[in-house]
There are 2 protein chains.
Amino acid sequence: MKDKLRKFRAVRIKEGKRQDIEEKVVREAVLRIFLNEKEIVALSCTPCDLTYLAAGFLLSEGFLGDVTEIEKVDSSEAKVVVHTREPRKVGEESRLKGVLTSGCGRGKTFASWEDIDPLEDTLIDLDLSFSSDEIHKIMSQFQQRSRLFMETAGVHGAALATGDGILLFNEDIGRHNAVDKVLGESFLKGIDLKDKFLVISGRVSSDIVSKLWNSGLSLVVSRTAPTSLAVEMAQRLGITVVGFVRGGRMNIYSYPVRIA
Amino acid sequence: MKDKLRKFRAVRIKEGKRQDIEEKVVREAVLRIFLNEKEIVALSCTPCDLTYLAAGFLLSEGFLGDVTEIEKVDSSEAKVVVHTREPRKVGEESRLKGVLTSGCGRGKTFASWEDIDPLEDTLIDLDLSFSSDEIHKIMSQFQQRSRLFMETAGVHGAALATGDGILLFNEDIGRHNAVDKVLGESFLKGIDLKDKFLVISGRVSSDIVSKLWNSGLSLVVSRTAPTSLAVEMAQRLGITVVGFVRGGRMNIYSYPVRIA
């Protein structure tokens, strides 16, 4: 937890009384991600699991098509370099056309998702199914794992889960970074995502749906709301969006067939 | 409110029972911002007050130094073009060196804030002061104004306030966009920011502090947490960060002299 927190002196005013306190604050640092010799992005993040973050970002944003393209990852505190086996040309255009999304993701598929025809293109497997009880159980575990949030109230969480439990969990000041850390860890560890789902603490925006699509995931579960574009994309791409999983209820915005 | 919401059919599962419902979801759309003929960024946002958003983004991110540089703003649903009186060169470098922050801002000052010497450079006015009662009163008004949040739970809010009340308020799916809409409106209406403060619903990250610095604001107030880099920057730049304004208390992380 040490690398994720810093203590600051602060003044607390409570019911009109001033008091000197020491407060835990979540760490924020800048990470530069390189694909071979080319700088792709600088992310503001919580400085832990940076290898996962970089691999997850490059794969879930479509800069890399597959984890097997990665030869090795060199990581230092402020910089991660992902080396590919084959030379890989990253044109200026992929950066310049990037969308600065509502969070910190870069919505590569924004321009193209409307071209997808669910009847023509391969939809993600619709046979995958979880019960609403399983979803509630996993969300409860998710909240218990959110320790950095409990310490600082300054981060978002993300997890990869099956109906049995949470496999991977991470937290970051950026809600997309938390997702990328979990996705990056699953890619690098060779975990098959097809029968798993993503749990997030924050909103389901279009860039989150885009990351699911690029990763082969077909279900995302959140405690809170989706956006309109996220629901529209999910309806087109065959992805199930479940929101407001709390207080014994949930809303399913697309492909409810996956929740039994 | 119409342009900010879309209704979707959804399935609600409550205590094991399935029910077809219609749910309000906050709208998300992509806005492309041009400075003269040059595309600066594509933002994922709630499509309202796009002129404010574009002007606020360009000014608070340092692409423009002053609102008087703006000749006119052409706005359509998916594109805003800000025209300047004088030709203005935006080099590739200002985009390519941008930091993709924990939200959707572009932390222009990241590379440079450490070079600022508060003893040498002009610090923002330290005479500005508000009482903790005023801060609590404004936060209470802020929550009452957050109607899109109450409808959708999918947005962040931002406001410009004095001790007497809220002057400007806006909401957006992106927490930086909400701030940029408020700042842009204040720039375009010629509102002097020096004796006002910013209220936000979300976390105070370094990019928010950077936007304050670029806008001449010296106090930000939030219901929730700051990040370490935000506090470090605020300490250096002479900006007061107040967090966790709720339940009759608040924490002041920098320059507590401004809260009486």
Side-chain angles (χ1 to χ4, degrees), chain A residues 5-6 8 10-16 18 21 23 25-30 39 41-45 95-104 106-107 110 132-133 152-154 172-175 177 203 205-207 224-231 243-244 248-253 256 259, chain B residues 5-6 8 10-16 18 21 23 25-30 39 41-45 95-104 106-107 110 132-133 152-154 172-175 177 203 205-207 224-231 243-244 248-253 256 259:
Chain A
L5 290 174
R6 251 203 77 184
F8 286 90
V11 173
R12 173 167 295 165
I13 304 182
K14 194 176 171 181
E15 285 149 18
R18 273 175 113 87
I21 57 165
E23 270 281 286
V25 173
V26 66
R27 274 191 68 200
E28 177 185 354
V30 176
E39 182 169 354
V41 74
L43 290 175
S44 203
C45 68
R95 300 200 43 167
L96 299 182
K97 287 186 184 157
V99 172
L100 209 51
T101 60
S102 63
C104 55
R106 190 169 277 269
F110 253 133
S132 59
D133 284 349
T152 67
D172 197 285
I173 57 159
R175 83 197 151 88
N177 296 344
R203 288 161 301 140
S205 51
S206 62
D207 33 15
T224 181
T227 67
S228 65
L229 192 52
V231 175
F244 295 105
R249 71 175 175 99
M250 66 185 67
N251 293 345
I252 313 168
Y253 294 88
I259 309 296
Chain B
L5 289 173
R6 251 202 77 183
F8 286 90
V11 173
R12 173 167 295 164
I13 304 182
K14 194 174 170 182
E15 286 149 17
R18 274 175 114 87
I21 58 164
E23 270 281 287
V25 173
V26 66
R27 274 192 67 199
E28 177 186 354
V30 176
E39 182 169 354
V41 74
L43 290 174
S44 204
C45 67
R95 301 200 41 165
L96 299 182
K97 286 185 184 159
V99 171
L100 210 51
T101 60
S102 62
C104 54
R106 190 169 278 270
F110 253 133
S132 58
D133 284 348
T152 67
D172 197 287
I173 57 159
R175 84 195 150 85
N177 295 346
R203 290 161 299 139
S205 51
S206 62
D207 32 17
T224 180
T227 68
S228 66
L229 193 52
V231 176
F244 296 106
R249 71 175 175 96
M250 65 185 68
N251 293 343
I252 313 168
Y253 294 87
I259 309 295

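Throughout, a chain's letter reflects where its sequence line sits, starting with A, and its residues are numbered from 1.
Of the two parts of A:I21, only the side chain, counted from C-beta on, holds a non-hydrogen atom closer than 4.5 Å to a non-hydrogen atom of chain B. Interface residue A:Y253: backbone and side-chain heavy atoms are both found under 4.5 Å from chain B. Using a 4.5 Å cut-off between heavy atoms, A:S132 touches chain B through its side chain atoms alone.
Each of A:D133, A:V231, A:I259, A:V25 has some count of heavy-atom pairs under 4.5 Å with chain B, and the biggest count is that of A:V25. Note on B:E15, B:M250, B:R18: by heavy-atom pairs under 4.5 Å with chain A, the leading option is B:M250.
When every heavy atom of B:R27 is checked against every heavy atom of A:S228, the shortest pair comes out as CA-OG, 3.1 Å.
Considering CD of B:E28 and CG of A:D207, their distance stands at 6.0 Å, rounded to 0.5 Å. Between atom CD of residue B:E23 and atom CD1 of residue A:I252 there is a gap of 12.0 Å, rounded to the nearest 0.5 Å. In this structure, CD1 in A:I13 is found 12.0 Å from CZ in B:R249, a value given to the nearest 0.5 Å.
In this structure, B:S44 and A:S205 have side chains that are not in contact, with every pair of non-hydrogen atoms separated by 4.5 Å or more.
Looking at B:T152, its side chain never comes within 3.5 Å of a backbone N or O of A:A225 through a donor-acceptor pair.
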